[in-house]
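Reading through the structure tokens given below for one structure.
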Amino acid sequence: MNAKLSYKQGDLTAQAVDAIVNAANTSLLGGGGVDGAIHRKGGRAILDDCLKIVARQGGCKVGEAVITTAGNLPAKHVIHTVGPVWSGGQKSEPNLLRNAYYNSLKLAVENGLKTVAFPNISTGIYRFPKKIAAKIAIQTTNEFLDSEEGQSLEKVIFICFDEENLLIYREAFNDCLPTQQSLF
Ligand code: AR6
């Protein structure tokens with residue numbers, strides 16, 4: 001496991017990082033879950049930026065990502081990505097979830113950001129099985145941090161909100177020591 005990668009239980013909207021990632025929907029106009037919390041606490045400025053993006057490109061496709069201000073939140077930016085709705089696993093859901101993590105990280109790097117916090121995308125209202133989602137999230141992010149294009153990132157953290165995700169991430173991280181420690 002890359003040493004820049006970590007997890008903790010908490011509220012994504014309270015994280016003072018360069019970017020928090022929103023589990024948005026294709027309309028970019030807000031919704032429930034973590035999306036609702038981000039817009040509620042971040043204020044109107046986030047929606048105004050989203051509306052500009054909608055006018056320009058008509059929303060955000062599943063697996064893609066866009067960036068806005070974070071308004072009143074302690075983070076500097078919000079990266080909005082759209083995870084897939086789980087409908088059995090035969091509709092490219094794993095690939096689309098991978099794309100959501102990858103494109104969010106890529107956008108962070110393109111904007112010169114160093115610290116990023118993710119929620120457990122698609123595992124709430126979109127019903128993606130939490131264990132599979134965690135495996136995809138950790139693997140995609142770990143590979144990105146190890147790759148050439150991820151070198152400028154300093155910290156990526158998964159914010160687990162519900163107890164079930166926290167336990168899943170704890171187990172996954174306990175199984176894989178940070179790469180620096182595993183040398184000994
Ligand atoms: N901080 C961190 N994680 C949170 C928070 C929070 N404040 N609140 C919820 N979660 P969900 P999805 C966790 O439903 O499944 C919206 O209506 C939650 O426990 O927010 O990708 C959008 O507009 C879960 O583990 O997102 C879309 O329509 C994780 O965030 C749709 O929901 C994701 O749950 C997206 O569904």
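Just so you know, these numbers come straight off a predicted model, no measurement behind them. Ligands are counted one by one from 1 in listed order, and the atoms in each one are counted from 1 as well.
- Proximity to N165 (heavy-atom distance under 4.0 Å) selects the following atoms of ligand 1: 25 (O).
- In summary, the atoms of ligand 1 found under 4.0 Å from a heavy atom of D35, numbered by their order in the structure, are 22 (C), 23 (O).
- Classification of the Y101-F158 ring pair by plane angle, with boundaries at 30° and 60°, yields perpendicular.
- Ligand 1 has no N or O atom lying under 3.5 Å from any N or O atom of R127, backbone or side chain.
- Of the polar atoms of T13, none of the N or O atoms is found under 3.5 Å from an N or O of ligand 1, judged by distance alone.
- Less than 4.0 angstrom separates some heavy atom of D11 from each of these atoms of ligand 1: 1 (N), 6 (C), 7 (N).
- Heavy-atom contacts of A23 reach the following atoms of ligand 1: 21 (O), 22 (C), 26 (O), 35 (C) (cutoff under 4.0 Å).
- Of the candidates F158, Y126, F161, the one placing a heavy atom closest to atom 3 (N) of ligand 1 is F161.
- Atom numbering of ligand 1 starts at 1 in the shown order; those under 4.0 Å from a heavy atom of T123 are 15 (O), 24 (C), 25 (O), 29 (C).
- Distances below 4.0 Å separate heavy atoms of G33 from the following atoms of ligand 1: 20 (O).
- Considering both main-chain and side-chain atoms, I125 comes within under 3.5 Å of ligand 1 through a nitrogen or oxygen pair.
- Taking any N or O of A37, backbone or side chain, none lies under 3.5 Å from an N or O belonging to ligand 1.
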Result block: side-chain N/O donor-acceptor pairs under 3.5 angstrom for residues 138-145, not counting sequence neighbours:
from : atom 1 : to   : atom 2 : distance (Å)
T140 : OG1    : I136 : O      : 2.6
T141 : OG1    : A137 : O      : 2.7
N142 : OD1    : N2   : N      : 2.7

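- With distances taken over non-hydrogen atoms, the option nearest atom 19 (O) of ligand 1 out of I20, L166, D162 is D162.
- Taking every non-hydrogen atom of G32 and a distance limit under 4.0 Å, the qualifying atoms of ligand 1 come out as 16 (C), 17 (O).
- Taking a 4.0 Å cut-off on heavy atoms, G83 fails to register as neighbouring ligand 1.
- Applying side-chain contact (heavy atoms from CB on, under 4.5 Å) to V116 and the options L153, V17, D18, I20 leaves one that passes, L153.
- Ligand 1 places these atoms under 4.0 Å from at least one heavy atom of G31: 17 (O), 23 (O).
- Between I159 and ligand 1, no N or O atom pair is found at a separation short of 3.5 Å.
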